[in-house]
Each structure stands twice: as structure tokens, then as C-alpha cells.
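To start, the structure itself, in C-alpha cells.
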Amino acid sequence: MTTKTVAELLAQNVTTQDVTVKGWVRTFRANRFIALNDGSTINNIQCVVDFENFDEALLKRVTTGAAIHVTGELVESQGKGQSFEIVVKTLEILGDSDSESYPIQPKKHSFEFLRENAHLRTRTNTFSAIMRLRSSLSFAVHKYFNENGFYNMHTPIITGSDAEGAGEMFRVSTLDQKKPPLTEDGNIDHTKNFFGKDTNLTVSGQLEAETYAMSLGKVYTFGPTFRAENSNTSRHLSEFWMIEPEVAFMDLAGNMDLAEDFMKSVLSYILDNNQDDLEFLEKRLLDDEKTKPQLERSELSLIEKIKFVVDNNFKRVSYTEAIDILRNCKPNKKKKFKYIINEWGADLQSEHERFLVEKHFKCPVILFDYPANIKAFYMRLNEPDNEGRETVRAMDVLFPGIGEMAGGSQREERLDVLKEKMKALDISEEELWWYLDLRKYGSAVHSGFGLGFERLVMFVTGMGNIRDVIPYPRTPQNAEF
RNA sequence: UCCUCUUUAGCUCAGUUGGUUAGAGCAUCUGACUGUUAAUCAGAGGGUCCUAAGUUCGAGUCUUAGAAGAGGAGCCA
């Protein structure tokens with residue numbers, strides 16, 4: 001008699017002799033009904049105990065959180081909440097759970113409390129659903145790229161270049177922190193460090209991914225990324241997972257096509273494969289919204305929102321067009337924005353992005369061709385427009401409720417232009433010699449983007465705080481677990 | 001980093017102009033009941049009121065500093 005998962009048993013739907021299942025007790029009602037969950041599905045299986053025929057001391061140990069092993073018969077349920085249930089023949093306690101101290105009670109908990117108990121929070125319906133969806137999404141990412149001719153590459157996590165310009169970095173060092181070796185002029189002597197130079201945790205695998213795109217053609221990385229920014233928001237983590245495809249001979253239009261196709265593909269995978277968990281989270285959100293005033297409630301349910309993205313084209317808008325829309329929109333004219341849009345060249349704030357996505361277009365938006373001076377050095381410079389304004393082939397994919405889901409660009413492939421840009425921004429040529437080599441030998445048009453995996457999980461699960469879609473969130477002042 | 005708010009029982013929260021023994025619901029425990037599914041009914045236990053200093057006859061309540069958490073902003077993915 002092999003142990004089956006709850007998911008397998010519930011899928012069976014026929015009376016079966018001699019089934020065995022192991023899991024954790026969610027509730028034990030009326031000294032008779034055990035709701036058992038083993039993580040294989042959002043659903044519990046009900047195990048019915050004829051308490052008169054069981055040792056009372058044994059039944060006392062069936063507490064919330066205890067691990068148990070049940071054998072019995074799968075039968076049609078007499079109750080209304082489930083179609084099948086197990087009539088228990090034998091019951092074994094595998095691991096007790098002291099109900100006085102076990103933090104996860106059979107009641108609603110706040111997400112803040114569960115964050116402090118992150119090691120146990122996946123024993124709740126909401127977090128088990130989120131993490132199953134996260135796993136499924138991760139698989140869908142690899143599946144998409146694999147089926148579309150991409151190679152997966154692992155870019156280094158410890159990086160020697162600090163020129164990526166994507167934010168503050170975490171230093172990696174083996175030097176004695178109290179007495180670091182010093183050079184003659186009193187600075188820390190990094191030649192004595194483990195790698196013989198100053199090293200950091202990566203903020204992006206893009207530059208390394210470019211090198212592989214320029215030989216393997218279509219590549220992607222999907223790995224951990226670290227930012228030491230002191231940003232305390234519900235959309236930022238110090239450690240997060242980023243998806244970065246990079247493709248040779250692809251221009252910005254192709255990049256937009258890729259980003260849109262990729263997102264639609266992984267979202268529809270989730271719709272096809274994770275219905276139970278999505279329905280549970282959708283219901284949770286609906287209940288949550290009932291407590292909100294009518295105005296703040298969203299027009300679409302969770303599943304409808306995902307379907308909407310899958311079924312509708314992303315709106316592609318140039319920065320210049322976006323500025324025109326924003327300059328003439330009501331909140332700008334009535335000075336409702338904190339930052340009023342007057343001039344071409346202003347950086348868009350999240351209030352402007354939100355207006356475009358949530359009020360004006362009401363669908364995902366790809367903004368492209370940004371002013372050159374507000375974007376990174378490696379982005380492909382356009383010809384100046386007829387008013388002489390310089391833009392780069394950058395793009396941002398904006399999602400309702402999330403904001404910036406992905407950011408990317410066509411890369412500057414012309415050696416002289418790139419060198420000039422680096423000089424202007426004071427970026428060392430010596431340090432990025434290998435990056436410049438790509439432009440020296442067989443340079444070609446190429447493009448890519450970076451997508452924050454947790455932001456995607458937020459969109460799919462409808463969770464409002466990024467700390468609730470990663471197992472152990474790393475944020476400023478917090479590295480518990 | 002900036003702005004705002006929060007911190008009281010295991011959890012979620014009340015706590016009046018500063019006043020004597022700090023409350024509720026849920027959870028837990030004990031008992032009753034037994035086809036329940038947010039089980040029900042009765043009872044019980046459970047407190048460093050975030051920390052430190054101060055004002056006061058007296059501080060959960062007021063002041064100052066600090067810590068932690070949340071929301072928003074900036075930065076970004």
C-alpha cells in the first residue's frame with residue numbers, strides 16, 4: 001500500500017480500499033473530522049475517525065499542525081463540503097504539535113504576523129497557494145525559453161565590475177573588517193582581498209548575458225540579484241530573482257514582441273495549470289475587497305485580470321507621445337500630480353506611469369524611446385528627432401497595480417558611440433574591456449530586458465506586498481531565517 | 001533616505017479630560033454535545049501596555065529619544 005498525496009486521492013473520485021496518506025492536521029472538528037493537508041493541493045482531505053473505537057490519548061494528540069499518517073478507505077462523503085473522504089482505520093502520530101505554542105491557529109492571521117513566522121506560513125492556504133504558483137511560474141519561464149530556442153546561462157553572482165550602474169551593491173570581502181590591510185596612502189588594499197580586487201554581489205547579469213548572446217544567439221539568465229538600496233517599499237527587495245533574456249540580431253521592436261509574448265505565455269500557463277490555487281486567491285481577494293469602499297474595488301477579479309493581459313495587445317507608446325498625453329491630461333492641468341509635467345525630458349514618476357496604465361489606456365503599456373540623459377550608458381542612441389532631441393532605444397513594460405514589470409533596451413553596438421558615452425559618464429574603459437570587445441569583434445544589433453520575477457508573482461497572486469511572494473524576504477534591517 | 005501612521009493577552013483590536021482591580025472577539029485548556037466543515041454551548045487560565053528617560057500625588061494615556069512594523073515617496077526590477 002503506497003502513500004498517495006492528497007491531490008492524487010482527491011483526483012481519484014472512486015471508492016478505494018486501503019489508502020494511506022501522510023500530512024499535517026489543519027483542524028480536528030468534533031473529535032471526528034480531521035482536515036488533512038500535505039501541500040500537494042490547496043484542498044484538504046477529510047479523515048473521519050470513529051472516536052469510540054480509538055484510544056482517547058491518541059486522539060488528544062491530533063492537534064493543529066501535527067504530522068500524522070492515516071490509513072483507511074476512500075468513500076463518498078456523507079457531508080456536504082467534500083465529495084470524498086477517508087474513513088480512518090489506523091492513525092499514527094508522526095510528529096506532535098503543541099497547540100499551546102504552535103503559532104499558526106485555525107483562524108485568520110495578518111500577513112505581518114505570518115512574515116515573522118515565515119518558516120511556518122506555508123502551512124496556511126494563502127501562502128501554500130502563493131508558493132505553488134511561484135514554483136509553477138518559474139517552470140513556465142524555463143519552458144518558454146527552452147521552447148523558443150534560448151539557452152539558459154548562469155551569470156556570476158560575485159562580480160568584479162561596479163560599472164553596471166543599477167544601484168548600490170553589497171561588498172564581498174574576506175578582509176579583516178576590524179583591521180583591513182591598507183595601502184601607503186591609507187585606503188583599503190584590495191589586492192590583499194580574496195579575488196585580488198574589490199568585488200560585489202551582482203545587480204544584473206545583463207552585461208555577461210550580452211557576451212553569450214553574441215555567440216550563442218538567444219540566451220537568458222534567471223537568477224538571484226542583489227541591491228543594497230535602502231528602499232522600504234512593498235515593491236522592492238534587497239535580494240530578488242531576475243529574468244534577463246538577451247538576443248543577438250534583435251532590435252527594440254523585436255524586444256517588445258519578445259517581452260509581450262513571454263509574459264502572455266507564462267500567464268496562460270498558469271491559467272491552464274494552477275486553477276485551484278488561483279481560484280482560492282481570487283476568493284481571498286474578493287472577501288478582502290468587500291471591506292473596502294466601492295470606489296477602491298477593482299473592476300476585474302484576479303483571474304479576469306490575468307486573462308485580460310493574455311488576450312489583449314500591450315499598448316506601445318513612445319516617451320514623446322506619453323509626455324503629450326500627460327501634459328494635457330486632467331490631473332496634470334488641475335495640478336493633482338505631485339510632479340507636474342511641463343517639459344519634454346522629465347523623468348516619469350510612478351504617479352504618471354499609474355495614470356497611463358490604470359486610467360488612460362487601462363491595459364499593460366510599453367513605453368519606449370526615452371530621453372538619452374535619463375537612461376543607462378549601454379542603450380542604443382537614436383538619430384536626433386526633428387527638434388534635435390536625443391533618445392535611446394529603451395523600453396519599460398508597465399502593469400496595472402504593479403508599475404514597472406520589466407525594463408530593457410536595444411544595446412549600443414557601435415564602439416565609438418559607446419566609448420564616447422562611457423567617457424561622458426566617467427565609466428572606466430579598462431574595467432569593461434571585455435564588454436567593449438563585443439563591439440570590436442563581430443558587433444551586431446542586440447537587445448534584451450530584465451524582469452523582476454517577484455513582480456510577476458505579485459501580479460499572478462494579487463498580493464500587494466513583495467515580501468509575501470518570496471520565501472524569505474531580504475529587506476533593509478531584516479535577514480531573519 | 002524622506003513623510004504619515006502603528007506598537008496593549010498566543011492572534012486581531014478596544015481602552016474616554018491622566019485616576020484606584022487594563023477589557024472584548026478569536027485561539028488555548030477543562031467539561032458537555034457529536035456528520036462537522038469559521039462547529040455549537042458552559043467555564044477557566046493567560047499582560048515587562050515596544051524600550052529608556054522625563055513631567056506628575058498618580059502614566060497604557062502626556063513629553064523627549066530610540067527600536068521595530070505598515071502605508072506612501074524617491075531609486076528601480
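Residue numbers begin at 1 in each chain, while the letters A, B, ... track the order of the sequences. The analysis underlying the following values was restricted to heavy atoms, covering all of them including side chains, and did not include hydrogens, waters or symmetry mates.
- Legend: ring-ring contact (aromatic ring centres under 6.0 Å, His included) pairs involving residues 452-480 of chain A, not counting sequence neighbours, sorted by first then second residue: A/F222-A/F453, A/F399-A/F459, A/Y472-A/F481.
- Contact check of residues 335-345 of chain A against RNA chain B (heavy atom, cut-off under 4.0 Å) returns A/K338, A/Y339.
- The ring pair (Phe, Tyr, Trp, His ring centres under 6.0 Å) test applied to A/F54 returns no partner, not counting sequence neighbours.
- Annotation: ring-ring contact (aromatic ring centres under 6.0 Å, His included) contacts involving residues 81-115 of chain A, sequence neighbours excluded, comprise A/H109-A/F113, A/F111-A/F127.
- Just one of A/V203, A/I157, A/T159, A/N200 meets the side chain to side chain contact (heavy atoms under 4.5 Å, CB included) condition when paired with A/F226; it is A/I157.
- Both A/G464 and A/G450 lie close to RNA chain B; mapped to their nearest nucleotides by heavy-atom distance, the more 5′-ward contact belongs to A/G464.
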Task: Base-pairing string, 5' to 3', of RNA chain B - Watson-Crick or wobble, under 3.5 Å, | interstrand - done: (((((((..((((.....[...)))).(((((.......))))).....(((((..]....))))))))))))....

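- Between A/T233 and A/N465, the one whose closest nucleotide on RNA chain B sits nearer the 5' end is A/N465.
- Looking at heavy-atom distances under 4.0 Å, A/S101 makes no contact with the nucleic acid at all.
- Between the CD atom of A/E116 and the C1' atom of B/rC50 there is a distance of 12 Å, given to the nearest Å.
- Looking at the side chain of A/S99, the nearest of the listed nucleotides B/rC29, B/rA70, B/rC75 is B/rC29.
- Residues passing the side chain to side chain contact (heavy atoms under 4.5 Å, CB included) test with A/R380 are A/R393, A/Q410, A/E412, A/E413, A/R414, sequence neighbours excluded.
- Comparing atom distances between the A/N478 side chain and each of B/rG71, B/rU36, B/rG69 picks out B/rG69 as nearest.
- Nearest nucleotide to the A/H236 side chain, out of B/rG35, B/rC75, B/rA73: B/rC75.
- Partners of A/H236 by ring pair (Phe, Tyr, Trp, His ring centres under 6.0 Å), not counting sequence neighbours: none found.
- A/K80 places its NZ atom 8 Å from the P atom of B/rU36, with the value rounded to the nearest Å.
- The side chain of A/N232 sits closest to B/rU1 out of B/rU36, B/rC11, B/rU1.
- Of all nucleotides listed (B/rA70, B/rG10, B/rU37), B/rA70 comes nearest to the side chain of A/E112.
- For A/Q477 and B/rA68, the shortest distance from a side-chain N or O to OP1 or OP2 is below 4.0 Å.
- Contact annotation: A/S231 does not reach the phosphate of B/rU1 (side-chain N/O to OP1 or OP2, under 4.0 Å).
- Each salt bridge (Lys or Arg N to Asp or Glu O under 4.0 Å) pair with one or both residues in residues 354-379 of chain A, not counting sequence neighbours, appears once here: A/K375-A/D396.
- Remark: A/A30 pairs with A/F33 by the side chain to side chain contact (heavy atoms under 4.5 Å, CB included) rule, at least two apart or across chains.
- Every side chain to side chain contact (heavy atoms under 4.5 Å, CB included) that A/P156 has, sequence neighbours left out, goes to A/E208.
- Within residues 34-72 of chain A, the residues having any heavy atom closer than 4.0 Å to RNA chain B are, in order of number, A/Q46.
- At a threshold of 4.0 angstrom between heavy atoms, the contacts of A/S110 are confined to the sugar-phosphate backbone, with no base atom among them.
- Closest to the side chain of A/Q349, out of B/rA70, B/rG74, B/rG25, is B/rG74.
- Note on A/L237: a base of the nucleic acid sits closer than 4.0 angstrom, heavy atoms only.
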Protein and nucleotides 38-49 of chain B: nitrogen or oxygen contacts under 3.5 angstrom:
from   : atom 1 : to    : atom 2 : distance (Å)
B/rA39 : OP2    : A/R29 : NH1    : 3.4

